[in-house]
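Working notes for the structure below.
To find a chain, count down the sequence lines: A is the first, B the second, and so on, and within it residues start at 1. In this text, all values refer to a predicted model and were calculated from it rather than measured experimentally.
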Amino acid sequence: MKRTPKDNVESARIIGRRALVVGTVQLGIVGALGMRLRAMQVEQADEFRLLAEENRINIRLLPPARGMVFDRNGIPIADNEQNYRVVMVREDAGDIGEVLAKLTELVEIDPDNLARAMEEMQRRSPFVPVTIADRLSWEDVARINLNTPTLPGISAEVGLSRVYPWGADLAHVVGYVGPVSDYDLSRIDDDDPLLQIPKFQIGKTGAENKLEHTLRGSAGTRRIEVNAAGRIMRELDRQEGEPGKDIQLTLDSRLQSYVQARLDGESAGAVVIDLENGDLRAVASAPAFDPNLFVRGISTTDWNALNADKYRPLAAKAVQGTYPPGSTFKMVTALAAMEAGVVAADETVYCPGFTDVFNVRFHCWKRGGHGNINLHESLKQSCDCYYYEIAQRVGIDKMAEMARKLGLGIKHDLPLSAVARGLAPDKAWKREVRDEEWRIGDTVNASIGQGYVLASPLQLAVMSARIATGREVTPRLVRLIDGVEQPSGLGQSLGINENTLRRIRASMNDVCNHRRGTAFQSRITAEDNAMAGKTGTSQVRRITAEERAAGVTKNEDLPWERRDHALFVSFAPYDKPRYALSVVVEHGGGGSRAAAPIARDIMLQALYGGPPPLEAYPSNVRDQIAEQQRRIEARVPPGSKGLGRA
Amino acid sequence: MSYLEYNTKFVPTGLRKLWYLNWPIIMLLIAVSAFGFLMLYSVAGGSPTPWMEPQMKRFAMGLVLMIFVAMVPIWFWRNMAFLAFGGSIVLLLAVEFFGEVNMGAQRWINLGFMRLQPSELTKITLVMFLAAYYDWLPNKKVSHPFWVILPVLFILAPVAMVLSQPDLGTALLLLMGGATVMFMAGVHWAYFATVIGGGVGAIVAVFQSRGTPWQLLKDYQYRRIDTFLDPSNDPLGAGYHITQAKIALGSGGWTGRGFMQGTQSRLNFLPEKHTDFIFTTLAEEFGFVGAFTLLVLYLLIVTFCVFTAITNRDRFASLLTLGIAMTFFLFFAVNMAMVTGLAPVVGVPLPLVSYGGSAMLVLLVAFGLVQSAHVHKPR
């Protein structure tokens, strides 16, 4: 169509005007874009920069090496060993099936683990290393390394894992570590990032648990740059963590191992205290379990077996088991009465074989009675009636006070699981807990360590130590932390009259070394190493009147659960006490027969720092002891590496 | 303007035409493309392959093609307008039936030596066609309803076809490009007011009716619209991309993190970093200074086009130049709005910078037309 010039001028004018409008709008849009860029890149730049850094930088924790635990002689009792595992990177492997088939020819791999690894590999990105097998032997690793060229994508890695060379022998003291669980996280108030590492090992029981913060160390960090798929591009920097601190315990692992061996077959606890500084030389509970099983992840079968055992291998009886102390409590009653001045040392009490308190009859263990008997003889022969009498004179509150002074009924601060408080009952306690008035019969029961009184082997050993030294001996389990000596456990004087204490010690000496003492059969015959002690037999059942009339059933005829507990406390040498110990054999029968011989063997082992000469034993038992020593010598504790048994 | 009139005024002929090319625009195009080469080199991790080298080759080819197109008198192109538009409609139809499916969309025709994207071509031919249409249409008839409906139909036809591929971004560009040409040709503003008002009304109605008994769309359609408008509703899909793009952009700061130092792109957090989202890499590595410089370069190109258009007395030439400038403007404005989170992600590349053959060639041909209009402007 032909245009006139006028038309053209008009059209150009319209276009010019409209273009101006459009241009203005465009300028506005460009302005808006510019403002937007400015807002994002200038005003919010820091915010976005932070987001970008969060995108690309991952912080990986470097778990520190856990502190080691040594015994007093520097022998490791919790160690870190190299743990070899084989990992596979899918993208490097090529044909996964072929490589795995080759690998299984070289090393034995659990099919379940293999299936799990295959599944994990399919699920995760191809560059993520997946663990195929764990805890390989050095030989396996060597074989894999030798065949590396034919195993693309496979590599052996090394990590640290906890190992307990003494196996079951120190299980209850050291405890064990295990992977941190959701339950652990819910229970402990700890924001240590290490706990967020999957399967990070933390102390679950025993010293491993209680000294966790010392042993754990602190995390190192590694800042790495990752891409969008999570692949590690490079390491930006690395800050090493602090390894856990080493700990030296006061325990003598050889002695401990001996005690465990000696307690074998019993359900028992024993504690040995060094009187120079309160060091715990042995804290044994039998039977025990192999802590190494827990580190690897215990199987259901093993776990069920441990729980089903009526001897309760998982319980640390030495510190968490509480028992009526029986006659071993008589020193407490005697000291309380003497200190209160309600009885003189040479005063005699008549024992007809029973005592009537109001209309309740309390029996002495000796049916015929001991006749007129004083303090010394009453301890030596363990007469009950004497204590029924003096306990009524002194009253329960003074007895409880003395018990606590001697370390019973109080919680000793040790880095062990479930340290028992025991019970030294008094009037206030009964009113508060039982909401009942204290009765005189309760005092009578308590006087011979029955009734409400409860004590752990640890507490009994402490009691024995305090009687032997007259000082407030405090048990000490940790000797050095990171090379720093911990305070000694040899406390101040107890403030008990030294003459009174001397009398009690002399009586305890006669318990073992006098022909009529209850533990004469378990005496030590070595000249300078005489042992002083006290037997205890505590009932776990009530003897009914009919039973008594029919003649008390012998322990051997009772089912195990209803037999008496056998106890023995002692110290040695009598002249210059060096060690105190306690032995409690659950349902072992009489203290003199079941507990005292064990205590003697342990004491000799401690005194001689190894197997004692047979001359230390009465001549009639030497053959039997020699045989026993051979047996123990040959024993290898379960789960142990057979260390330290020279 | 007629052939005779051309002869009465001075119009360069032969090789002298080269002298009369709009060199500032060419320089600006080279500058913008250079930004592209730099970024393609960077996102490839410091390597000319796989993107920078082909892109440079195509740009060189495109530049030659542009000058060739510029040499051809503008009236020839006016006469070709209808044919070109018809041809691209045919190609669009062909793509509908024989096209290659790629990334879920059917957009390409394989010509053997190259893969052609007819929708790209249509962006230019539609503008050409409309410019020719208004050149032909007497001024008085421009706002006559019949003569308004007619071009609207010509616009809607390719828009519908492109939408069905589906390619929302191109459809939008076609629609807005076409509308702008109509606007600049002088169609009465009341038409635009009506359409815009109607559109806004419809959108308001759709949103207001939500949750009421007379709700206009199904619930799932609303949810799709939600995700489209605010991708953060879908943090793992579209939301992830736009979030990462914004992080890249924002973290650039004033001067950027340095060439090839952009962590977002280098570590693959950015999606489509060599195509639609290349601007974010640029903004990350060269910061506000770099991003704003590119924006200014784009604006200068548009300004030079507008300037030559309004000084051109030839109606076709001037409408064509304005239409192409507008299409070009929409290209980069929509892309930038998209990656800065101002607009939903619709899949529009950054012109001359994003990697892609068809788009670049077509754009350079379009600028060839602009040059032709400029060269053959009666002086």
So does [X] have more than 12 non-hydrogen atoms from other groups sitting under 6.0 Å from [atom1]?
{"X": "B:Met260", "atom1": "CE", "answer": "yes"}
{"X": "A:Asp182", "atom1": "CG", "answer": "no"}
{"X": "A:Glu235", "atom1": "CD", "answer": "yes"}
{"X": "B:Phe307", "atom1": "CZ", "answer": "no"}
{"X": "A:Gln239", "atom1": "CD", "answer": "no"}

Interchain contact, [X] with chain A, by part (heavy-atom threshold 4.5 Å):
{"X": "B:Ala185", "answer": "backbone"}
{"X": "B:Phe279", "answer": "side chain"}
{"X": "B:Val302", "answer": "side chain"}
{"X": "B:Ile310", "answer": "side chain"}
{"X": "B:Ser318", "answer": "side chain"}
{"X": "B:Ala309", "answer": "neither"}

Where on [X] is there a heavy atom nearer than 4.5 Å to chain B: the side chain, the backbone, both, or neither?
{"X": "A:Arg56", "value": "both"}
{"X": "A:Glu43", "value": "neither"}
{"X": "A:Glu225", "value": "side chain"}
{"X": "A:Arg38", "value": "both"}

Notebook entry, point to check: Top residue by heavy-atom pair count (under 4.5 Å) with chain B, among A:Ala32, A:Ala39, A:Gly16, A:Ala52?
Noted result: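 Of the options given, most contacts go to A:Ala52.
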Item checked: Among A:Val30, A:Leu33, A:Asn55, A:Ile14, residue most engaged with chain B (heavy-atom pairs, under 4.5 Å) ->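 Between A:Val30, A:Leu33, A:Asn55, A:Ile14, the count favours A:Asn55.
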Checklist line | Test side chain to side chain contact (heavy atoms under 4.5 Å, CB included) applied to A:Leu37 and B:Leu249, step by step | finding: CA-CA 8 Å; A:Leu37 284 177; B:Leu249 212 134; 3.6 Å; yes
Min side-chain heavy-atom separation [X]-[Y] under 4.5 Å:
{"X": "A:Leu27", "Y": "B:Leu299", "answer": "yes"}
{"X": "B:Arg257", "Y": "A:Arg49", "answer": "yes"}
{"X": "B:Phe329", "Y": "A:Ile29", "answer": "yes"}
{"X": "B:Ile247", "Y": "A:Glu54", "answer": "no"}
{"X": "A:Val21", "Y": "B:Phe183", "answer": "yes"}
{"X": "B:Leu322", "Y": "A:Ile15", "answer": "yes"}

Nearest heavy-atom neighbours spanning [X] and [Y]:
{"X": "A:Gln26", "Y": "B:Met326", "result": "NE2-SD, 2.8 Å"}
{"X": "A:Met40", "Y": "B:Thr340", "result": "SD-O, 3.7 Å"}
{"X": "B:Ala291", "Y": "A:Gln41", "result": "CB-OE1, 3.7 Å"}

Notebook entry, point to check: Among all residues two or more places apart in sequence or in another chain, which pass the ring-ring contact (aromatic ring centres under 6.0 Å, His included) test with B:Phe129?
Noted result: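 B:Phe129 satisfies ring-ring contact (aromatic ring centres under 6.0 Å, His included) with B:Phe82, B:Phe85, B:Phe154 only.
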Next item on the list: Please step through side chain to side chain contact (heavy atoms under 4.5 Å, CB included) for the pair A:Leu51 and B:Lys246, ending with a clear verdict.
Entry: CA-CA 10 Å; A:Leu51 287 171; B:Lys246 282 164 79 176; over 6 Å; no
Distance, nearest 0.5 Å, that separates [atom1] of [X] from [atom2] of [Y]:
{"X": "A:Arg36", "Y": "B:Leu342", "atom1": "CZ", "atom2": "CG", "result": "4.5 Å"}
{"X": "B:Leu319", "Y": "A:Arg18", "atom1": "CG", "atom2": "CZ", "result": "11.0 Å"}
{"X": "B:Met184", "Y": "A:Arg17", "atom1": "CE", "atom2": "CZ", "result": "14.0 Å"}

Next item on the list: Give the member of B:Ala325, B:Gly253, B:Gly256 that has the highest number of heavy-atom pairs under 4.5 Å with chain A.
Entry: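 Option with the greatest count: B:Gly253.
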Notebook entry, point to check: For the candidates B:Val306, B:Leu295, B:Thr311, which exhibits the highest count of non-hydrogen atom pairs separated by less than 4.5 Å from chain A?
Noted result: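 Sorted descending by pairs with chain A, the first entry is B:Leu295.
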